[in-house]
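What follows is one structure encoded as structure tokens, with my remarks underneath.
Both backbone and side-chain heavy atoms feed into the values below; hydrogens, waters and symmetry mates do not.
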Amino acid sequence: MNPRTRITLAGLAALFVVLGMFAVKPGVFVRTEQMLLDWRFLVRGPEDPEIPIVIATIDAKSVDQIGRWPWRRTVMANLIRKLNDGGAKAIGLDIVFSEPEEPPEMAPLRKARQEMEGLSGDITPALALVDEALGRASTDDHLEAAIREASRSVTMGFFFRTDKDDALDGGIASRLDETLPLVRKSKLKLEARVADKQAANFLTCSDVEPNIERFHRLPRRMGFFSTDTDIDGVVRSSSLLLLCEDALYVSLDLAIAEVALQQNAQAIGFPEKGTERTPGVSEIKLGDLSIPTDPGGRILVNYRGKTRTFPHWSIVDILEGKHDAEIEGKIVIVGPTEVGIQDVYGSPYSKAFPGVEVHATVVDNILSGNVLRKNPEFRYIELLAIVISALLIVFAAPRMGGAAAGAVFSMVLLAGVVAGITWLFIDRNWWVNLTYPSLSIVATYLTVAVTQSMTVEAKSRQIRKQFETYVSPDVVDQMTASPDAFHLGGERRDLSILFSDIRGFTTISEDIGAENIVKMLQAYLTPMTDIVFETKGTLDKYIGDAVMAFWGAPLDVPDHPLAAAEAALEMQVECARLRDTLADTVPGMDRLKIGIGIHSAEVSAGNMGSAKRVDYTVIGDGVNLCARIESLTKKYGSGVLSSGDLIARLPEGFLSRELDEIKVKGKTKGVRLFELIGRREATPDEKVWLDAYAGGLPAYKAGKWDEAEAAFRKCLELRGGEDMACELMIERIERLRNDPPEKWDGIYAFEEK
């Protein structure tokens, strides 16, 4: 292979590796893209909020003057009255009042009242005075009254637990039965076309921490303030909806927006595609606003800048009237910013970003409609950037006359891709993946640059030495072209698998002895292996006299069911030839007959083993089923027995007959079995008995035993009394007739292996 071809193939291999990672999306590249998203915020710089939102802060100044948090609820009552009287459009409470408050002065008042009730005489006036004092001392009464007065503008928050490990002992269901009614004002009121909520990736509840019962009925709206964080602690998305017991609940942010607009949010599902509908939500409508979400009701947070991008008003200043002239028309979110009591999260601008300011940002995003967008269609932009940039390097860089020129070209190309994707973010609010286009450029250039190095050549020789004995030459060529693409591990692949076995091998071994059995196996296994390689298959292993092979990995074979079927038929032809030509020279060869099972399925394929020894193999249910199909060839008397999964994927021109539908031990799903006869048309004689057998199957599946038996006996007669499949079905019908199953569905269960 000439150097230019080798460079081109290596570069294309690097491109395909990147495309594979783009499809799989390993965690390391997900986190890299998240960091690159944060970088784009820094490049864009801060923006002014579009909605008049302020944060009433429980800050150091307020704590110094009012006292340690939590404060008496009279303070919060006074704050709510102050904001409501000042004309605040909406008041959101990033606080939960989950327990009653019992001021110390109430205990002696209650004790005094109890003692007074035991006194004689007219004590009604005295009791009234004590009750009045108790009313003044009850901070919950004050807060309840304030919330009631401002009920149309107040939005209360509460906490959903979303980790099942945090659920209370004694069972979640009973707890939720008691607590969910307390947060009913957080329920989504409207939804349209939202399908299969359980299948969508909604945030889900395991428990709820509500406000105490006397508060929950007062405000117009409530919302949860459970927060999504990525693995690095940064909040990049926000769940506007949460699923709990098949009902959707709105977040505090969405609830505040509803109150501000005096509108009810509506979740819109995906339109129908044929008879199916994508689970979950496509957008949330709020009046004339449309907020795009992922199917789980999440939006991407479009941060406006660093902390204090939204005005912070100290609560003590609000209570002292310093902001009276500014309150009207504002959305005010009350929450902590003081160290030790605030919720702190990461943002693109800061590692310590107050949770209450995250809420302000999301409310601004919702009401302004200025949200980040990551539409499914962006995937095509990302694919184009990956492919075009890689192809430019593969075909242009090597022709530029030197490594330095190629490096400069690649760097300029990388800068152009970064600039273009960053512009889409700044100008359009589009989050287009930057990691994989960048990775495509870097990986392709490095692969092209080092293809001819001694290290790559050494690895190629090592891989060839390791794999050439059991992998087809085409596969070895691909592996040596890009050796770093193969490693210990596996991937899900759609493959076709083959198992074959010599009939009566144990008896033959005992009759001809160990030395002769070795000669027989060598004469038999060599042409079988050649057939596997010639059809682009991979020889997995020899298991005594058995052969296991597969098609579709590591080399992609698009028509692998066809390759497996042709290999199975050719093996039977070769066995007949071996019997004819070697019967006199190789002991036991005159008795050579094999059964072959073939099946197509998605399985795990890859280098598997230890650090010292690995084998490229396949594992999974499909492999086990294929082995079981091969073992059933003895029962049906078939040379090649195939699953319906493989037969359905063969082109026209193959002759087969459906034998049965069975369930093998350990499985609940039925498998249709077919005898693969050849790649040809049926002869007139064959067509007669094939039609007879095919006519018996529907009657058999319907439990019409007499009709089915007659058809199978006719087929057996037409075949001269020699058809094990017919004999098996007749014998089985007799058992089923004498001992009918309770529920017959036409699928026979094989309990033995």
Side-chain angles (χ1 to χ4, degrees), residues 3-44 348 372-428 430-453 455-456 459-460 478-487 491 556:
R4 181 163 291 180
T5 302
R6 186 181 294 113
I7 289 171
T8 300
L9 291 178
L12 292 176
L15 169 60
F16 287 121
V17 170
V18 174
L19 289 173
M21 288 188 288
F22 177 72
V24 176
K25 291 185 170 46
V28 62
F29 294 124
V30 172
R31 292 190 287 275
T32 300
E33 178 59 21
Q34 289 170 345
M35 290 187 288
L36 288 175
L37 174 66
D38 297 345
W39 172 78
R40 274 167 270 186
F41 275 108
L42 299 177
V43 172
R44 185 199 69 185
L372 289 184
R373 297 176 184 270
K374 190 171 180 60
N375 299 343
E377 293 79 9
F378 294 172
R379 183 179 180 87
Y380 300 112
I381 299 176
E382 296 160 1
L383 279 171
L384 282 174
I386 292 169
V387 173
I388 292 175
S389 58
L391 292 179
L392 284 172
I393 292 175
V394 168
F395 293 106
R399 293 168 171 77
M400 291 188 173
V408 170
F409 174 79
S410 299
M411 287 189 289
V412 170
L413 182 60
L414 177 61
V417 169
V418 171
I421 291 178
T422 304
W423 175 82
L424 289 174
F425 175 81
I426 295 172
D427 190 71
R428 302 287 183 86
W430 288 7
W431 181 9
V432 177
N433 191 289
L434 178 56
T435 300
Y436 290 104
S438 302
L439 178 65
S440 177
I441 294 170
V442 173
T444 305
Y445 169 72
L446 291 177
T447 302
V448 166
V450 303
T451 298
Q452 293 178 310
S453 68
T455 301
V456 171
K459 287 184 178 180
S460 298
Q478 178 174 329
M479 296 171 75
T480 54
S482 183
D484 291 332
F486 297 87
H487 54 83
E491 59 178 340
D556 185 27

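- One finds the OG1 atom of T435 at 4.5 Å from the CG atom of L36 (value rounded to the nearest 0.5 Å).
- Side-chain contact between F395 and L391 is present, with heavy atoms from C-beta onward closer than 4.5 Å.
- Note that CD1 of I441 and CD1 of I388 are 11.0 Å apart. Values are rounded to the nearest 0.5 Å.
- You'll find the side chain of L42 stays beyond 4.5 Å of the side chain of D38, heavy atoms only.
- E382 places no side-chain N or O within 3.5 Å of a backbone atom of P437 that could act as its donor or acceptor partner.
- Every residue two or more places apart in sequence or in another chain that forms a salt bridge (charged side-chain N to carboxylate O under 4.0 Å, His left out) with R44 is listed here: E47.
- Side-chain contact check for I421 versus R40: some heavy-atom pair is nearer than 4.5 Å.
- For an aromatic pair to be called close, the ring centres must be under 6.0 Å apart, and F378 with W431 fails this.
- Annotation: cation-pi pair K25/F29 absent, no NZ/CZ under 6.0 Å from the ring centroid and within 45° of its normal.
- Distance check: K374 NZ to L37 CG gives 8.5 Å after rounding to the nearest 0.5 Å.
- Checking each of L9, T444, T447 against V394 for a side chain to side chain contact (heavy atoms under 4.5 Å, CB included) leaves exactly one that passes, namely T444.
- L372 is listed as a side-chain neighbour of F425, based on a closest heavy-atom distance under 4.5 Å.
- The aromatic ring centroids of F409 and Y445 lie 6.0 Å or more from each other.
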- Carefully, step by step, assess L439 and F22 under the rule side-chain contact (heavy atoms from CB on, under 4.5 Å). CA-CA 10 Å; L439 178 65; F22 177 72; over 6 Å; no
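- Looking at N433 and R379, their side chains never come closer than 4.5 Å, going by heavy atoms from C-beta outward.
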